[in-house]
Amino acid sequence: MISDETFNRRLKLIGAVLVGISVLLLTRLLSFQFYMDPNTRQTLEDNLDNRVYQTVEVRPNRGLIYDRNGHLLATNSFDYQIGISPNQVLDRQEVAAQLAPLVGMPENELYHRLEPNADGTYVPWVLLASRVDFDTGQRIIDLDIDGIDIRPLPIRIYPQGDLTAQLVGFYAGADDAREGRGYSGVEGYYESLLAGQSRRVTTSTVPVLDEAESTISVRDGISLQLTIDRDLQFLAQEIIDQAVVQYGATGGTILIMNPRTGEILAVANNPTFKPDNFSAENLELVRNQAVSDIYEPGSVFKVITMALAIEAGIDPATWTYADPGCGEMAGIQICNWNDQSRGNPSFAQVFVESLNTGTATLFAQLGHSTVYPLLRAFNIGTPTGVDLEGESGGILVEPGDTFWNEAQFLTTSFGQGVSVTPLQMLAAMNAIANDGLIMQPHIVKARIDGNEVIETRPSASRRPISEATAHIARDIMVQVLRENQEIVFSFPGYTVAGKTGTAQIPTAGGYYDPVGSIASFVGFLPADDPVVSVLVKLDRPAGYWGSKTAAPVFQALVDRLVVLMEIPPDAVRSQLVAQGGDPFDREY
Amino acid sequence: MTYHSRLDRRRRIQQNQAQLAATLTLIVVVGIIIAALYLIQTTTTTTTKRELEEMSDHRARLQRDNERLRAEIADLQSLPRVMTRAAEMGFRPASEEEIQYLIVDGYRYNRPQVTPTPTPTPNAPEEIYDETLGGWLQKQWDKIKEQFSDWRNE
């Protein structure tokens, strides 16, 4: 039993010791606040943000792309990047066995990656697979393995495959650190709209702390509805693929538009691009030949010559000339396709029989000062401004240009010495179909921003010819298909306007290829109230002539087009119009 | 010092010690209560935050699933698949001769106006400044003459 005095003395001693310890601790704590080794302070300050906050980039969803009827042409999905923190793995053997088949790595190798270093420390993070597909990623998530790090990587899916590949373009370049971007076609042209706006957001890593920024407003990309009709696109692609094989061509293009609105309904090229293949050969094909490749159009260009001649004051009812069949003009020989003379052919006969001597005579009579302004009014030699990436402008050599000469001026009348893209050619011909107005070619029908839909209003880009001129030119184009003996057409019940073309291919050195040709056809229907215009182009077909190769392709296309687009025969249409109805029960 | 006075002093000391002990106990109990409340609050906040994170992850996963399903649906509805399926079911493309259009008397379909007819404004010819001093003086002289002739006619 200790005495009270002893007890009190010990109590005081313990109290003093505890107070002393407390004072020491307090002093040390205060020293952190008021004085600290500068290096230690700097290190702690540098790491503060990393310990408490992390900055991540919140990515928006890329806008979707639909066809005019709401079928998806481009949508989003995800691949996954798989990593792991080895120090958090409890059972290396089991984890290696589970993950190895999923990430495509031998089990032993995966096990070794999870092991500590020789000094007993662990690598903080190990990459197991840079990219696994969505289903595999989901299976790994379901395993719920400690320490696993699964990062979604956005990818683009094109459900229609290569059907619309050149039109839509492709998306590439995305990984866990950066966003990808769209290239070519609609993906490239509308990159800024489709991409949306990402945002860097700083969030707390400590659950009890408030987030540095509590609201995350990321602007998703705007979705686009195209003017393309998937069914027409499929039809056009099927027919051009068959035609290339059937006529032994090296390639081809079919372009379908609505001349009334400038909407592009289908663009099919052969060969085409596969959006899921990034090989160099395949990437060469990403270029959309219909808007990017220029060619000398040949006789289909005569429809422009015809329209501008009428517009410039040539009277189609009385005009004629002495046809030499083959004669010298401006120092070169200009010949008809079979070198034969037609005597004194009429204006219409020049185009029905596709007489080069006739169109050259027309140009010679009209002169440069009349012809070139009208060609520019048809938008020849300049891009149409279509909303697709990679459009070419074509070539129109004019007086004053280095390579211009009088002979070239005359050959331009029948489509040689002038270069256009298929889109330029069809857009120019659309002036004849659409009462003299060229509507702005476009591919986007509407932009969809959340609940807001912004429609693209069709707009007129040029009026190269009057309505009266357009109607005369249209009637001659109908005559071309009815009276040309070389072209065998059969469109029972329908009135169709059109023109064939066979163009020589320029080679290096200023000569023309003696063997190959570009066979083409342009046309529209119904001739008196057109809803669709078509360009068919075959590169180097074995049959050489447009009338023997491109024209039958046009026939095959139109046979199915009238069914697909529900275009009634003329007689039915007349009855519908007579009772005040509208023949076209669809919007185009 | 008497026995009684020593007893009183000890009793007072014991009383003071008891009060001190009671006060310390009270402070400790209050401290524990405060600590417990803080702990409960922190735990609840942490749990809630954790739940929110899990829900956020779940939402992200559902969104990804949704995107994936959308792609699958589009793939299943793609034209080659649909056409293959249609062919398996015995369908084939109709030809133009097989299509019959029926005209319903009095039916009038009001097609939305899709053909705008705006006429582009023609560009005004560019004005060329080619006036000379003589031309300007002539113009002024003509104006004065015109004014005089108007005045005479009045």
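Predicted model only: the values in this text are computed from it and were never measured. Letters A, B, ... are given to chains in the order of the sequence lines, protein chains preceding strands, and every chain is numbered from 1.
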Subject >> Distance in Å, Q160(A) CD paired with Q77(B) CD, rounded so as to fall on 0.5 Å steps >> reply: 9.0 Å

**OP:** Quick one: which of S78(B), P93(B), A71(B) has the most heavy-atom pairs under 4.5 Å with chain A, could you say?
**Re:** S78(B)

Subject >> Contacting moiety of D65(B), where chain A heavy atoms sit under 4.5 Å >> reply: both

Original post:
Hey, is CD on E98(B) packed in by over 12 heavy atoms from elsewhere, all under 6.0 Å?
Top reply: yes

Original post:
Between CD1 of I157(A) and CG of D75(B), what distance do you get to the nearest 0.5 Å?
Top reply: 8.5 Å

Original post:
So, R61(B) and D142(A), do they make that salt bridge, N to O below 4.0 Å?
Top reply: yes

Original post:
What's the spacing between Q14(B) CD and D4(A) CG if we round to 0.5 Å?
Top reply: 8.5 Å

Original post:
Is R70(B) close to N76(A) at the side-chain level, that is, under 4.5 Å between some pair of heavy atoms?
Top reply: no

Original post:
Do other residues, nucleotides or ligands put more than 12 heavy atoms under 6.0 Å from the CD atom of Q100(B)?
Top reply: no

Original post:
Is there a side-chain contact between R573(A) and Y101(B), using heavy atoms and a 4.5 Å cut-off?
Top reply: no

Original post:
Which bit of L73(A) is near chain B, if near means a heavy-atom gap under 4.5 Å: side chain, backbone, both or neither?
Top reply: neither

Original post:
Checking I99(B) against chain A: side chain, backbone, both or neither under 4.5 Å from a heavy atom?
Top reply: side chain

Subject >> Atom pair CD/CG of E238(A) and L79(B) - distance to nearest 0.5 Å >> reply: 9.0 Å

Subject >> Interchain contact, Q233(A) with chain B, by part (heavy-atom threshold 4.5 Å) >> reply: neither

**OP:** Using non-hydrogen atoms and a 4.5 Å limit, figure out which bit of S95(B) sits close to chain A: side chain, backbone, both or neither.
**Re:** backbone

**OP:** Tell me, yes or no, whether the heavy-atom count around R10(B) atom CZ, taken from other residues, nucleotides or ligands under 6.0 Å, exceeds 12.
**Re:** no

**OP:** Could you tell me which portion of Y494(A) (side chain, backbone, both or neither) has an atom closer than 4.5 angstrom to a non-hydrogen atom of chain B?
**Re:** side chain

Subject >> From CZ (F134(A)) to CD (E72(B)), nearest 0.5 Å >> reply: 8.5 Å

Subject >> Per-residue contact mode, D435(A) against chain B (heavy atom under 4.5 angstrom) >> reply: neither

Original post:
Hey, what do you get for CZ (R68(B)) to OG (S77(A)), rounding to the nearest 0.5 Å?
Top reply: 4.5 Å

